[in-house]
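To keep things clear, I will list the structure first and then write my remarks on it.
We number each residue from 1, following the sequence as shown.
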Amino acid sequence: MKIFRSVLVVTYRSAGSELDELNQKIADRTKLRYNRTYDNGSQPLDSYAIQASYDIVDLFALAVNESLATHQPDAEWSGRALAALLTDRNFTDLTTGFMYISKESARFLDLVVFGFSTKTQTMRQMGKWSVALRELSWTNLIIDWPTKDGQPPPDLPNCGFSGLEGDCVHAATVTLLNILLPVILTFGLALLFFVFIRKRRYKSKKKRNWLIAQQDLATRRNSSDGNSWTSGNANWKGKRVWTKSVTMKQLPTEQCFVFLDLLLKPSFKMLHPNINTFFGLCLPENRAILVSNYCKHGSLYDLYYEMSLDWDFKYSLLSDLIEGMYFIHTTLNMVHGRLHAKVCLVDDRFTLRIGELNYHHIVSYLTKQPPRTINYLWTAPEIIDAQTRLSREGDIFAVGLIVTSISSQEEPRRVQHPVGCLVDIPAYVPAEIRLLIERCASDDVQSRPSIQLVKRRFGQMEPLNGTKGNIVDRVFARYSTYTATLENAVRERSEELKRERMKCDEILQQMLPAFVLDKLRTSRIIPAEYFEESTIYFSDLVGFVSWVTLVSPWTVMKMLNLMMAVFDSQIAHYAVQKIESVGDSYMVASGIPTRNDQHAAEICRMALSLIKTFKDDGSFPSGFLLRVGIHSGSCAAGVIGTKVPRYCLFGDAVNIASRMQSHGQGSRVHVSSTTAELILPHREEFICVERGVIPIKGKGKMLTYWLTAP
């Protein structure tokens, strides 16, 4: 019933008694003439259609009678003429009561308004519209308007009849936006997420720098170590590398590549002078070849058989071992797990590098098999007995055995009936080293020291010659000792002298390009060479000058040596040539001395990599920023001097590259417009943001750019 409160019915007025009288007349005449009666209360004119037909015939008869009444023989008898007689007149018909037909033949009726009466709970007549009077009259019944104030609603709603007019235009817009914006945002975010995932997969696949092409890897020699490994050395990008390969159970899938992206990611963060550099993975057919830096002197075992080490060398090797393990346990927050003397490699500078870090996880995934069998000699007893997970304490146990091995220059011997220390320590081992071994190789896991404590204890020891090393001092001491040992060996065997001269040549190759060394052997004068296309890189440290005044020279040398070692290890991945390093300045060139058409791209890749490495490496003092400048152009190169020859570059390109560096900013790569044009074909790798035109000393104004990665 509440619904009917809102209903007002507007309809025509019924004929009332006039229709009843006509129905009675028709019924009487039907009975008189046709002897037919209407039963069950039915009426002759009981439907709207019959009543309307009666009204039509009645109006037509009226028009015909009025036309005949004019008595005009030539009167028009068309339908239009008869209809004209009915316009602008009032009539009373059966269906609608009073009716008015206008001059335009429009029909106007009397209308009545019915509303809901709350008293009788029925629809009652509330008002009447009279055509003749042209007015609306109301009864004494009150309309129950369904509004808040009980008053009639306005003639025109606030929002119009469409709901989108007047005051509601803004509200409708806001409502529409409230509906559409979440939908658009949801769709947009879903689309962006989809594009991001696709782009990330594309970039991951495109920038899969750990994957080494088979044609780039030329294997030289292979040997098996009995553990399904095949080891050897090979050539890759013009340098010698060390390889280890295993057989895979199945060919790698795209899902395998995605997992390898995650698994190998930590391997490229292992940039430290005492960690052997991992270059990548080669996947020919059903084999997996792990490629790492080649260490000329092999493992510790190879070094033992190659020469007799004095305690100066041994202290240096022990220091390298502890520094490498400190980096693994603290900076990388990892566990080696398979540490033994054969994975401790010695490079051409007699620096110990810990190798095969993370190898067992990589091989286990590729072969779908558990890691290799435990090496019982080097493995802690709690891991052997309980087959527990690899731990830092297990690494410390292996460190104790390696310290024993370096001290004795032979394989350590485990004690048969262990009580306390589990390794047999030779009597000639110094007391401080002996105490360190006993703590590290203890059968009590809880009593083994952490790598931080081992490093602190070792730092307090005094080498036998009284020289305590930062790494630079130890390098000079190693070469001095090595030279003395070499002189004694020359007097005994001339063949060994030839071999050692070759070793010296390889050391010189770290200072001069190989072709320069070949020319130096035949002639003391090397003519300069002109290079039409090359790219020069300069970098320095922002804040270095003020920092140097606050620390000791010892600290400065240690920091610079660490930085140069990390940088030298990093640039080995690119086709570039290190020219020189003076203080904190670092100079690299590409296209010199070996010409290549990708010199600009190689330098830019290297620069972005060094910026990222410098930011992420926590070994450097805080507050330093690496500032880089790059320019491409022509220059001349040649060897200057005969006593201490240096390979130097000269030309306008060198000066402009230096200006790019000096006018740059910290943690940014500043490139000239020439370099920016050369790397345009590599838009997917580099983004050049215009810095604008800046004044360059000696060159006037130049347009330069900031180089960033996508």
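Residues satisfying the salt bridge (charged side-chain N to carboxylate O under 4.0 Å, His left out) criterion with Asp216, sequence neighbours excluded, are absent altogether.
Under a cut-off of 6.0 angstrom, the local environment of NZ in Lys612 is sparse, with at most 12 non-hydrogen atoms contributed by other residues, nucleotides or ligands. Crowding of Lys239 atom NZ: a count of heavy atoms from other residues, nucleotides or ligands under 6.0 Å exceeding 12. Dense packing is recorded around CD of Gln215, with more than 12 heavy atoms of other residues, nucleotides or ligands lying under 6.0 Å away. For Tyr530, the OH atom is densely surrounded, since the number of other residues' heavy atoms within 6.0 Å is greater than 12.
Counting heavy atoms from C-beta on, the side chains of Arg353 and Cys295 come closer than 4.5 Å. Using a 4.5 Å cut-off on side-chain heavy atoms (C-beta onward), Cys344 and Leu321 make contact. Val241 is not listed as a side-chain neighbour of Ser292, based on a closest heavy-atom distance of 4.5 Å or more. Using a 4.5 Å cut-off on side-chain heavy atoms (C-beta onward), Ile354 and His336 make contact. Side-chain contact between Leu339 and Met325 is present, with at least one heavy-atom pair separated by less than 4.5 Å. Under the 4.5 Å side-chain criterion, counting only non-hydrogen atoms from C-beta, Leu610 is not in contact with Val628. At a threshold of 4.5 Å between non-hydrogen side-chain atoms, the residues Leu290 and Ser245 do not count as touching. Between Val542 and Phe624 the shortest side-chain heavy-atom distance does not fall below 4.5 Å.
Under 3.5 Å, the side chains of Ser552 and Thr555 contain a donor-acceptor pair of N or O atoms. Counting only N and O atoms by type, the side chains of Arg338 and Asn358 include no donor and acceptor under 3.5 Å apart. Between Asp348 and His297, the side chains place no donor N or O within less than 3.5 Å of an acceptor N or O (distance only, hydrogens not considered).
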| Can you check side-chain contact (heavy atoms from CB on, under 4.5 Å) on Met564 and Tyr586, steps first, answer last? | CA-CA 8 Å; Met564 297 306 169; Tyr586 199 73; 3.4 Å; yes
| query | Given Ser672 and Thr704, is the side chain to side chain donor-acceptor pair (under 3.5 Å) satisfied, shown in steps? | reply | CA-CA 5 Å; Ser672 64; Thr704 62; over 6 Å; no
| message | If you apply the rule side-chain contact (heavy atoms from CB on, under 4.5 Å), what do you find for Leu211 with Leu283, and how did you get there? | response | CA-CA 8 Å; Leu211 186 60; Leu283 301 173; 4.1 Å; yes
| Chi angles and distances behind the side-chain contact (heavy atoms from CB on, under 4.5 Å) call for Phe567, Leu271 | CA-CA 9 Å; Phe567 281 12; Leu271 301 177; over 6 Å; no
| task | Before giving the answer on side-chain contact (heavy atoms from CB on, under 4.5 Å), spell out for Glu602 and Val588 the whole-Å C-alpha distance, their side-chain angles and the decisive distance to 0.1 Å. | result | CA-CA 11 Å; Glu602 286 291 327; Val588 182; over 6 Å; no
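Listed for the Thr330 side chain is a donor-acceptor partner under 3.5 Å among the backbone atoms of Tyr326. Side chain of Lys296 to backbone of Val346: no donor-acceptor contact under 3.5 angstrom is found. Judged by distance alone, the side chain of Gln577 and the main-chain N or O of Ala589 form no donor-acceptor pair under 3.5 Å. With Thr675 contributing its side chain and Val671 its backbone, the two residues share no donor-acceptor pair below 3.5 Å. When atom types are taken as modelled, the side chain of Ser569 and the backbone of Ala565 share no donor-acceptor pair closer than 3.5 angstrom. Here the side chain of Arg668 pairs no donor or acceptor atom with the backbone of Leu707 at under 3.5 angstrom. Formation of a donor-acceptor pair under 3.5 Å by the Asn235 side chain with backbone atoms of Gly238 is not found in this model.
Between Asp652 and Lys699 there is a salt bridge, since at least one side-chain N of the basic residue sits less than 4.0 Å from a carboxylate O of the acidic one. A salt bridge between Arg595 and Glu533 is absent, with no side-chain N of the basic residue lying under 4.0 Å from a carboxylate O of the acidic one. Ionic pairing of Glu323 and Lys455 is present here: one or more N-O contacts between side-chain nitrogen and carboxylate oxygen are shorter than 4.0 angstrom.
Put simply, CD1 on Ile275 and OG1 on Thr331 are 9.5 Å apart, with the number rounded to the nearest 0.5 Å. Taking SG from Cys648 and CD1 from Ile579, the interatomic distance works out to 8.5 Å, rounded to the nearest 0.5 Å. Taking CG from Leu678 and CD from Gln598, the interatomic distance works out to 9.5 Å, rounded to the nearest 0.5 Å. To the nearest 0.5 Å, atom CG of residue Leu453 and atom CZ of residue Phe458 are 14.0 Å apart. Interatomic distance, Leu357 CG to Met334 CE, rounded to the nearest 0.5 Å: 4.5 Å. Taking CG of Asn293 as the reference point, atom CG of Asn276 lies at 5.0 Å (rounded to 0.5 Å).
Minimum interatomic distance between Asp395 and Gly337 (heavy atoms only, all atoms of both residues): OD1-N, 3.0 Å. The shortest heavy-atom contact between Ala234 and Leu217 is CB-CD1, 4.1 Å. In this structure, Pro273 and Thr351 approach most closely via the heavy-atom pair O-CG2, 3.8 Å. Residues Met660 and Ile630 share a closest heavy-atom pair of CG-O, 3.5 Å. Taking both residues in full, the closest heavy atoms of Phe278 and Val291 are given as CD1-O, 3.6 Å, listed atom of the first, atom of the second, then distance. The two residues Phe531 and Gly591 make their nearest non-hydrogen contact at CD2-O, 3.5 Å.
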Pair up each side-chain donor or acceptor in residues 534-541 with any protein partner under 3.5 Å, not counting sequence neighbours, and list the distances.
residue, atom, partner, partner atom, Å
Ser534, OG, Gly633, O, 2.8
Thr535, OG1, His599, ND1, 2.6
Thr535, OG1, Ala600, N, 3.4
Thr535, OG1, Ser632, OG, 2.8
Tyr537, OH, Ser539, OG, 3.2
Asp540, OD1, Arg627, NE, 3.1
Asp540, OD1, Gln661, NE2, 3.0
Asp540, OD2, Arg627, NH2, 2.7
Asp540, OD2, Gln661, NE2, 2.7

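Contacts classified as ring pair (Phe, Tyr, Trp, His ring centres under 6.0 Å) and involving residues 668-708 (residues at least two apart or in different chains) are given here: His670-Trp706.
Results of the side chain to side chain contact (heavy atoms under 4.5 Å, CB included) test with Trp547 over Val545, Val551, Thr549 single out Val551 as the only residue that passes.
No cation-pi contact links Lys578 to Tyr647, judged by a cut-off of 6.0 Å to the six-membered ring centre and 45° from its axis.
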